[in-house]
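Heavy-atom basis, side chains included; hydrogens, waters and symmetry copies ignored. In this text the structure is predicted, and so the values were computed from the model without any measurement.
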Amino acid sequence: MVSLSFNVSEHYSYRLFAYYQYQDLVKNLDIYENTTGSIFDNGSYTVDHFSARGAQTTIDFWENYILNDTDIKALLQEVGRYGWEDSIEIKSNISWSPCIPEIFEQINGYRLRKFLPLVMYGNNNPGVQPSYPGTLECVLDSEDQGQGYVNDFRAALEKGYQNYLDRLSTWLEGLGLGYSAQVSYNLPFNMEVSINHVVAPECESLAFNNNNIDGYRQFSGVANVAQKNVVSNEMGANLEKAFALPLSELLGQINTAFAGGVNHIVLHGQSYTGNYHETTWPGYTSFFMLFAESYYNKQPAWDHGLSNAIDYISRNQYILQAGQPRTDIALYNGVSMTDPQLETMYPTDDLIKAGYTYTYLSPANFNLSQASVSDGILAPESPAYKAIVVTSDQNVTLAGVMKLQQYADAGLPVMFSGSFPGYYPNGESTDKAAVYAALKTLNGSQNVYATGSGQTASKLQQLNLTPRVAVYTNGTWYPVLRTDNSTDYLFILSRDSDSRGCITVSSTKTPYLLDSWTGKRKPLLHYQRRGNTTEIPLHLAANQTVAFAFSNELWSEIETPYLHALRVPSNVLGYNYSTSGGLLLHTSTDPCNDCIFQLSNGTSYDLSLSSTSLTSHLRNWTLIAEHWEAPNNISDAAIQAVKRNTTHHLNTLVSWLDIPGLQNASGLGYYSSLFNWPSSSAYNVDGAYLTFPKIAQGIKVTVNGHDVGPLDFTNPSIDIGPYLISGTNEVTAIVSTLMWNYIRSIYDGIEISGIAPLLSGPLPDRVDNGLIGEVKIIPYVTSRYMI
């Protein structure tokens, strides 16, 4: 019992705060039954995520109820790679563990009890409970309003969470597995502090807004410093995109993650294809259709596009897991809680436009053993930063400034961008004056520089700290560089349509082009060496990627010429090289202003052709639309689809939304068109390239019955010379569509596990389906050069 009395007046009001601990019995899976026959009944409870004891509770459950069968443990060790934990979706008034007061006192040197009112606001689940930070916010009348005590509380949560991660990691290691987790996801502290505590840290595209490269850089920096070989991503969790997420959009998001440092993709998610309790066709749908995507055979792309996309992802993963990353700049990031939306932190685009790569590090990451300086390079093994930049909107601790001083003294360039950073408060610390004194000393030290906001790149260039991959383009390109002992791997993403320019790579090794769509490797034809660099011209479509290998040891595997081209005119469509056959250039008949082809030995050739353009467009298409629809018995969810065909004659290729009878249709489109070859006798052509409009969902192309192989979704073009015959030729394309247009038309009749899908309000609009745009035949003439 508490007995209190107050001097009540009209000028004051009082609140009484009472704090106590109890088990709130929050569940991951709640089952509304009273059955208690076994441990598996009545749902599953959420364990304490801020203590080793919470981890041990999970371990005990697995050991006692799942791995008690030695056969299961043996199978897990035989086929498993990781123990995995998904996003943390615990709901609470405040993130807490019974051990937090003890941890708090150990790391901060004072007791938490009297500061509990300060930490009860905004320290629950910022991702799941964005509108529920607490019922009341208490502040102090101090300069920082008590934020320092909140920071200290979050530090205690971080320590408790790391104990949780470490305990699970040790257990999984004993099972022969690594630990993969979506580290700190939805927790109220700095995620960068704990990423190094698991073997394969994972993020999720949903929290990273699917396309925020800067957010991924906030995640991947410490993983790279800690030399985590796998940085994973649960990809494709798009709100209200069920059956409506094009593979091209998914690949664009994956490319964004790759550009931000991710190198392993897990798709969200796979669905059961058979009959399911109280579930109609199209069957059990992941996330009750609130999120994308169900990857199964009810999607027409399952057999017509998905495998090509998966192969493309896999090949890029192979490249991006080779060797160790090389990143130019580290950005200081001293926040007490990561923004749940992971918004862009570096405010200007000067680094990106110049080609500088960068990731973020928390000052706590400076304590990693790998975060040392050698020969003026931070974390020299990986990712070998050339400098560290502190922007004016950051807040620094005394320990952080002292570490920066240590780095500068060891030869690492330290740069302040904008004005001085602010002060990161701690609860009972009085080191603010010491922080600013240390900053003043640091600012006057050797290897420390200052520049204005948005002028970081120019200052770095003045200091001769050039990017490893410099970028010169009218668009926006993102390079990712990795290296092992013999080979450098380079991945480039273009974010703008039809961008041109060049890259300058800090390597003089022989460059090779790696085709992530086909898996083919060939020597790069067009480049120039300038000193210790290699300059490569590029022309890229929106979201197109290109990958290179730089190596002097691939000659034995890939036929490589001794010469390369310094100038290649715009009318050269492609090339092939073999040691016996030499270089075969494919030159189009299109007009060319400067048609000089120059080799690295100085020899030049004029590739102009005295002919008008022979490029033509394919017209008069026949479309057989294969409609995929629900069975008459809509409860038969096991059936793939009921299929029927309609035929349509098209002069031009338009969306199914613009074709009568196909507005609500989904399925496969079988397109065919005929053309004569050669189309004109004006010039003796040797072959042709076939180009398609951008591919949304998947395509399989044949010419005269020959499969031409996978096409780059962003820039579909293929040499069809080997398949052409004299006379009439046929092009066919099987195009997969999105199922949403048909699903939308029967939406009101769909049931999943006895309830309606979770989309509320007006349904998303129908989507474009089918092949849309121009298909071209571009004839070429072959020239041979022995180089």
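Atom OG of Ser95 and atom NE2 of His49 lie 11.0 Å apart (nearest 0.5 Å). Atom CD of residue Gln253 and atom CD1 of residue Ile265 lie 10.0 Å apart, to the nearest 0.5 angstrom. Here CG of Leu247 is found 8.5 Å from CD of Glu293. Values are rounded to the nearest 0.5 Å.
Among Glu89, Glu202, Glu204, Glu234, the one residue that satisfies the side chain to side chain donor-acceptor pair (under 3.5 Å) test with Tyr185 is Glu204.
Contacts of Asn125 classified as side chain to side chain contact (heavy atoms under 4.5 Å, CB included), with partners at least two apart in sequence or in another chain: Val128, Gln129, Asn186. Scanning for side chain to side chain contact (heavy atoms under 4.5 Å, CB included) contacts around Gln341 gives Asn209, Asp339, Glu343, with sequence neighbours left out. The side-chain hydrogen bond (donor to acceptor under 3.5 Å, both in side chains) test applied to Ser382 returns Gln324, not counting sequence neighbours. Listed by chain and number, the residues in a side chain to side chain contact (heavy atoms under 4.5 Å, CB included) with Glu78 are Leu75 (sequence neighbours excluded). Checked against side-chain hydrogen bond (donor to acceptor under 3.5 Å, both in side chains), Arg154 has the following partners two or more places apart in sequence or in another chain: Asn123, Ser336. In this structure, the ring pair (Phe, Tyr, Trp, His ring centres under 6.0 Å) partners of Tyr527, at least two apart in sequence or on a different chain, are His564. The side chain to side chain contact (heavy atoms under 4.5 Å, CB included) search around Ser169 returns Tyr179, not counting sequence neighbours. Partners of Phe50 according to the ring pair (Phe, Tyr, Trp, His ring centres under 6.0 Å) rule, which considers only residues two or more places apart in sequence or in another chain, do not exist here.
For the 3.5 Å distance criterion, the side chains of Thr504 and Thr533 fail to qualify, holding no donor opposite an acceptor. When only modelled atom types and interatomic distance are considered, Ser51 and Asn163 share no side-chain donor-acceptor pair under 3.5 Å. Donor-acceptor pairing under 3.5 Å is lacking for the side chains of Gln321 and Tyr489. Checked by atom type, the side-chain pair Gln162/Asp166 shows no donor-acceptor distance below 3.5 Å. With no hydrogens or angles considered, a side-chain donor-acceptor pair links Asn233 and Tyr216 at under 3.5 Å. At a cut-off of 3.5 Å, with distance as the only test, a side-chain donor of Ser445 or Gln405 sits close to an acceptor on the other residue. In this model, no donor atom of one side chain and acceptor atom of the other lie less than 3.5 Å apart for His526 and Glu535.
Using modelled atom types, one side-chain atom of Ser429 and one backbone atom of Asp431 make a donor-acceptor pair closer than 3.5 Å. Side-chain N or O atoms of Ser220 include one that pairs as donor or acceptor with a backbone N or O of Gly260 at under 3.5 Å. Put simply, the side chain of Asn365 gets close to the backbone of Ser362: a donor and an acceptor are under 3.5 Å apart. Of the possible polar contacts, one joining the Asp350 side chain to the Ala457 backbone as a donor-acceptor pair under 3.5 Å is found. With Thr487 contributing its side chain and Thr483 its backbone, the two residues share no donor-acceptor pair below 3.5 Å. Judged by distance alone, the side chain of Asn263 and the main-chain N or O of Leu320 form a donor-acceptor pair under 3.5 Å. Formation of a donor-acceptor pair under 3.5 Å by the Asp152 side chain with backbone atoms of Asn108 is not found in this model. Side-chain N or O atoms of Ser194 include none that pairs as donor or acceptor with a backbone N or O of Met191 at under 3.5 Å. For the pair Asn151 (side chain) and Pro425 (backbone), a donor-acceptor distance under 3.5 Å is present. The closest donor-acceptor contact from the side chain of Asp375 to the backbone of Ile377 lies at 3.5 Å or more, if one exists at all.
Val480 has its side chain out of reach of Leu490: every pair of non-hydrogen atoms, C-beta onward, lies at least 4.5 Å apart. Taking 4.5 Å as the limit, some side-chain heavy atom of Val222 sits within range of a side-chain heavy atom of Leu368.
Scanning both residues, Ala257 and Met235, for their nearest heavy atoms gives CB-CE, 3.7 Å. Minimum heavy-atom separation, Tyr356 to Arg217: O-NH2, 4.4 Å. What you find for Arg495 and Ile213 is that their closest heavy atoms are NH1-CD1, 3.2 Å. Residues Ser499 and Thr473 share a closest heavy-atom pair of CB-OG1, 3.9 Å. Scanning both residues, Ala181 and Val198, for their nearest heavy atoms gives CB-CG1, 4.2 Å.
The environment of Phe420 atom CZ is dense: over 12 non-hydrogen atoms of other residues, nucleotides or ligands sit within 6.0 angstrom. Atom NZ of Lys403 has more than 12 heavy atoms from other residues, nucleotides or ligands within 6.0 Å. Counting non-hydrogen atoms of neighbouring residues, nucleotides and ligands closer than 6.0 angstrom, the CE atom of Met402 reaches no more than 12 such neighbours. Atom CH2 of Trp62 sits in a sparse spot, with 12 or fewer heavy atoms from other residues, nucleotides or ligands closer than 6.0 Å.
A salt bridge links Glu557 with Arg521: the closest approach of a Lys/Arg side-chain nitrogen to an acidic carboxylate oxygen falls below 4.0 angstrom.
For residues 504-517, the set of pairs meeting the salt bridge (Lys or Arg N to Asp or Glu O under 4.0 Å) definition, not counting sequence neighbours, comprises Asp488-Lys509. Legend: salt bridge (Lys or Arg N to Asp or Glu O under 4.0 Å) pairs involving residues 381-393, not counting sequence neighbours: none detected. For residues 374-415, the set of pairs meeting the ring pair (Phe, Tyr, Trp, His ring centres under 6.0 Å) definition, not counting sequence neighbours, comprises Phe366-Tyr407.
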TODO: Walk me through it: do Ser507 and Thr534 pass the test side chain to side chain donor-acceptor pair (under 3.5 Å)?
DONE: CA-CA 6 Å; Ser507 175; Thr534 300; 5.4 Å; no
Task: Step-by-step side chain to side chain contact (heavy atoms under 4.5 Å, CB included) determination, Ile492 to Thr545 - done: CA-CA 5 Å; Ile492 303 282; Thr545 66; over 6 Å; no
Open item on the list: Test side chain to side chain donor-acceptor pair (under 3.5 Å) on Thr357 and Asp328; report intermediate values, then the result.
Closed with: CA-CA 5 Å; Thr357 55; Asp328 297 318; 3.3 Å; yes
- [ ] Verify side chain to side chain donor-acceptor pair (under 3.5 Å) between Asn532 and Thr508, making sure each step is shown before the conclusion.
- [x] CA-CA 6 Å; Asn532 294 323; Thr508 57; 5.7 Å; no
Task: side chain to side chain donor-acceptor pair (under 3.5 Å) between His539 and Gln544, worked out - done: CA-CA 10 Å; His539 178 196; Gln544 187 175 9; over 6 Å; no
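Taking the centre of each ring, Tyr358 and Tyr346 come in below the 6.0 Å mark. For Tyr161 and Phe189, the ring centers are positioned less than 6.0 Å apart.
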Please report, to 0.1 Å, the donor-acceptor pairs under 3.5 Å made by any side chain of residues 446-453, with sequence neighbours excluded.
| residue | atom | partner | partner atom | Å |
| --- | --- | --- | --- | --- |
| Asn447 | ND2 | Ala408 | O | 2.9 |
| Thr451 | OG1 | Gln455 | O | 3.3 |

